[in-house]
Amino acid sequence: MVVARVVESEVVRILDSCCSTLNHAKQVHGHIYRNNLHQCSYVITKLLRLLTTLPHLPLNSYPLLLFAQVHAPNNPFLWTALIRAYALRGPLPEALRLYSSMRQRRVSPVSFTFSALFSASAAAKDAALGAQLHAQTLLLGGFVSDLYVNNTIIHMYVKCGVLHSARKVFDEMPQRDVVSWTGLIVAYARRGHMEAARDLFDGLLVKDMVAWTAMVTGYAQNAMPENALEVFRGMVDAGVEIDEVTLVGVISACAQLGASGYAKWVRDIAESVGFGGGSSVLVGSALIDMYSKCGNVEEAYDVFKGMKERNVFSYSSMIVGFAIHGLARGAIKLFYDMLETEVKPNHVTFVGVFTACSHAGLVDQGQKLFATMEECYGVAPTGEHYACMADLLGRAGHLEKALRLVETMPMEPNGAVWGALLGASHIHGNPDVAEIASRRLFELEPDNIGNYLLLANTYASAGRWDGVSRVRKLMREKNLKKNPGCSWVEAKNGTIHEFVAGDVKHPEINEIKKELNDLFERLKGIGYQPNLCSVPYGINDEEKMLLLMAHSEKLALAFGLLSTDAGSTIKIMKNLRICEDCHIVMCGASKVTGRKIVVRDNTRFHHFLNGACSCSNFW
DNA sequence: CTAGGGTTAG
């Protein structure tokens, strides 16, 4: 009885210190008073579970852990709770040490024990550890046909990216449930094998919300937004419930489509199932991203302002949104607003801020933040941040500085870093730096046609024709073909029309051509001259003119003018970077027609209004 | 108890 009283007072003392932080602690507290100490193991198990959710309490200082080991050394649930606490909270080796002590004392593990260890290996993405534990599970024998344990193992292999092992467990387990199937579906989806994922999904007789969502998300993550929406519609038709996670997948698919019609559609659905941007951080952040990618940064900001709770995703998405729309000041202001809250910036936040600086030429501001990001905000610069800085410096014309940064950076420069340098060399017409960058890029990305074209164009602008023909020869040898330029425009009724360069297939192509010619006449009236550098060299000026006229974004513009109301905004999306000449034409068109034109190219948005672009011709 | 989860670059 003495022991009992000591333990009780200990429990109460510690629980008192937890009570202010967690309601759950109060429940446990009450539980102890209502039931006496004969339920002590259970109480401790509950406490350990509580502990794992209170990161400010150090596990080692908790006297109950010691008590558990001394007074209930053979209770597997207690051991498991301990292991679980360390597995989820760390340090992981301590969890493993406890597991081997447990085995030495001949306490039999329960499925729970393995679930804790497997989820810890999954979280650490430690495939070797996971496989080792898997082998031990097999040796114990009793768990070979345990559905729950097998599902946890599948999940572990999926998280560690070991598809074949996940498949093997799946194939060999005696029964499978929807959890096992979903695990495997995700495994294939993560590898980009959506056909395999689809086959599994189609063969699944009982599909629940999680399984459906895995398919929606899988398609969204593999850049197949139409398929994602198709599955989502199937899910709605089947009357399956929808939650935040489902919505995030669908919203992400709509963001990829970039069409306002879909944006409105999915937002209404989110509101109607009770997960509007205001109530769910997850959905709210996804909506911010979607609206920015649909060209509607004002709406994105409205969602942001309407959110009850904001986390690092909400802030980062909004900062990136401002950045790709050229609203550098907005991005930077929001970053400083964020520092006033308890939300801490992460590596993506900084990518957003640097992108904003880069697109606005704010070199000093970007450099200062880059220099202090680690000591002031605890975010160590990665290769991605160096790529941003190379872009920031290079774009602003400081090519030598950019090159020096790349050559002295503490990690191996990746393709993005050299690509930024090559892009800057192209903008500023520096074939020497372009050569250095492309030499590395051709090794890192031998099939990326864009790099060859940039180098060739840089040579051409500098009149270095020997260089041009060398690059062309290289491209021929590698059998690299140009990606056709392709643009999409939204018609009045929300339908999307696609145009490729030189297109003649559109049913209204004659009207479009006529509209475009009319536009050119009016543009010439305000001094427009075609920019013949925007088309390949080696052909005569008349041919160049024809090619220039047939650029996909110009066709899309003409169709947009024809198919939307006067006064409404024309929204165009393009798969490649917008060309110089088209940029000039868009500026002029916004002046002579009085229309607002928004063009999303492969990197950012251009807002054309009254003859000027939001990018200030700096992109 | 186990399965689905959002932001990033040239």
Side-chain angles (χ1 to χ4, degrees), chain A residues 49 77 80 84 110-116 118-119 122 146-156 158-159 176-187 189-190 208-218 220-221 243-249 251-252 255 280-290 292-293 311-321 323-324 346-355 358 382-392 394-395 413-427 437 441 445 448 450-451 454 577 602-604:
Chain A
R49 184 159 283 231
F77 295 101
T80 299
R84 199 181 152 83
V110 292
S111 20
F112 231 56
T113 322
F114 290 114
S115 108
F118 285 126
S119 29
D146 186 311
L147 179 64
Y148 172 67
V149 169
N150 280 319
N151 283 342
T152 324
I153 295 171
I154 291 179
H155 179 233
M156 179 274 297
V158 172
K159 273 271 194 290
R176 305 169 190 97
D177 64 0
V178 65
V179 176
S180 338
W181 284 83
T182 307
L184 213 61
I185 287 172
V186 170
R190 292 208 175 171
D208 65 2
M209 175 175 73
V210 179
W212 280 97
T213 302
M215 283 306 291
V216 173
T217 308
Q221 289 172 344
D243 75 355
E244 301 171 90
V245 184
T246 321
L247 285 167
V248 166
I251 293 171
S252 155
S280 159
V281 226
L282 201 64
V283 171
S285 306
L287 287 174
I288 291 171
D289 174 57
M290 177 185 74
S292 338
K293 286 182 178 156
N311 64 12
V312 65
F313 287 95
S314 333
Y315 275 99
S316 304
S317 300
M318 196 62 245
I319 289 171
V320 170
I324 60 176
N346 69 7
H347 58 123
V348 180
T349 322
F350 279 100
V351 169
V353 175
F354 294 146
T355 309
S358 185
T382 65
E384 297 156 333
H385 300 115
Y386 276 91
C388 292
M389 291 313 288
D391 186 58
L392 173 65
R395 208 181 275 273
N414 58 20
V417 174
W418 291 114
L421 205 56
L422 175 59
S425 315
H426 175 244
I427 296 172
L441 274 170
E445 305 172 345
N448 185 341
N451 297 331
L454 278 177
R577 186 179 190 269
N602 59 349
T603 52
R604 59 168 294 163

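Residue numbers start from 1 in every chain, and the chains themselves are labelled A, B, ... in the order their sequence lines are given, proteins ahead of strands.
Partners of A:W418 by ring-ring contact (aromatic ring centres under 6.0 Å, His included), not counting sequence neighbours: none found. Under the salt bridge (Lys or Arg N to Asp or Glu O under 4.0 Å) criterion, A:R395 pairs with A:D391, sequence neighbours left out. With sequence neighbours excluded, no residue forms a ring-ring contact (aromatic ring centres under 6.0 Å, His included) with A:F118.
Note on A:A416: a base of the nucleic acid sits closer than 4.0 angstrom, heavy atoms only. Heavy atoms of A:E445 sit under 4.0 angstrom from at least one base atom. Counting non-hydrogen atoms under 4.0 angstrom, A:V245 reaches a base of the nucleic acid. Among the atoms of the strands shown, none is found under 4.0 Å from any heavy atom of A:R604. Residue-level contact check: A:N150 touches neither bases nor backbone, having no heavy atom under 4.0 Å from any strand.
Here the side chain of A:D391 is nearest to one of B:dT8, B:dA3, B:dG10, namely B:dG10. With B:dA3, B:dG6, B:dG10 as the choices, the nucleotide that has an atom nearest any side-chain atom of A:V248 turns out to be B:dG6.
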Taking distance alone, no hydrogens or angles, what donor-acceptor pairs closer than 3.5 Å link side-chain atoms of residues 211-218 of chain A to residues at least two apart or in another chain?
from, atom 1, to, atom 2, distance (Å)
A:T213, OG1, A:M209, O, 2.7
A:T213, OG1, A:T246, OG1, 3.0
A:T217, OG1, A:T213, O, 2.8

Which pairs of donor and acceptor atoms, one on a side chain in residues 313-321 of chain A, lie under 3.5 Å apart (sequence neighbours left out)?
from, atom 1, to, atom 2, distance (Å)
A:S314, OG, A:S285, OG, 3.1
A:S314, OG, A:N311, N, 2.9
A:S314, OG, A:N311, O, 3.3
A:S314, OG, A:N311, OD1, 2.9
A:S316, OG, A:V312, O, 2.7
A:S316, OG, A:T349, OG1, 2.9
A:S317, OG, A:F313, O, 2.7

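Within residues 281-290 of chain A, the residues having any heavy atom under 4.0 Å from DNA chain B are, by residue number, A:V281, A:L282, A:S285, A:D289.
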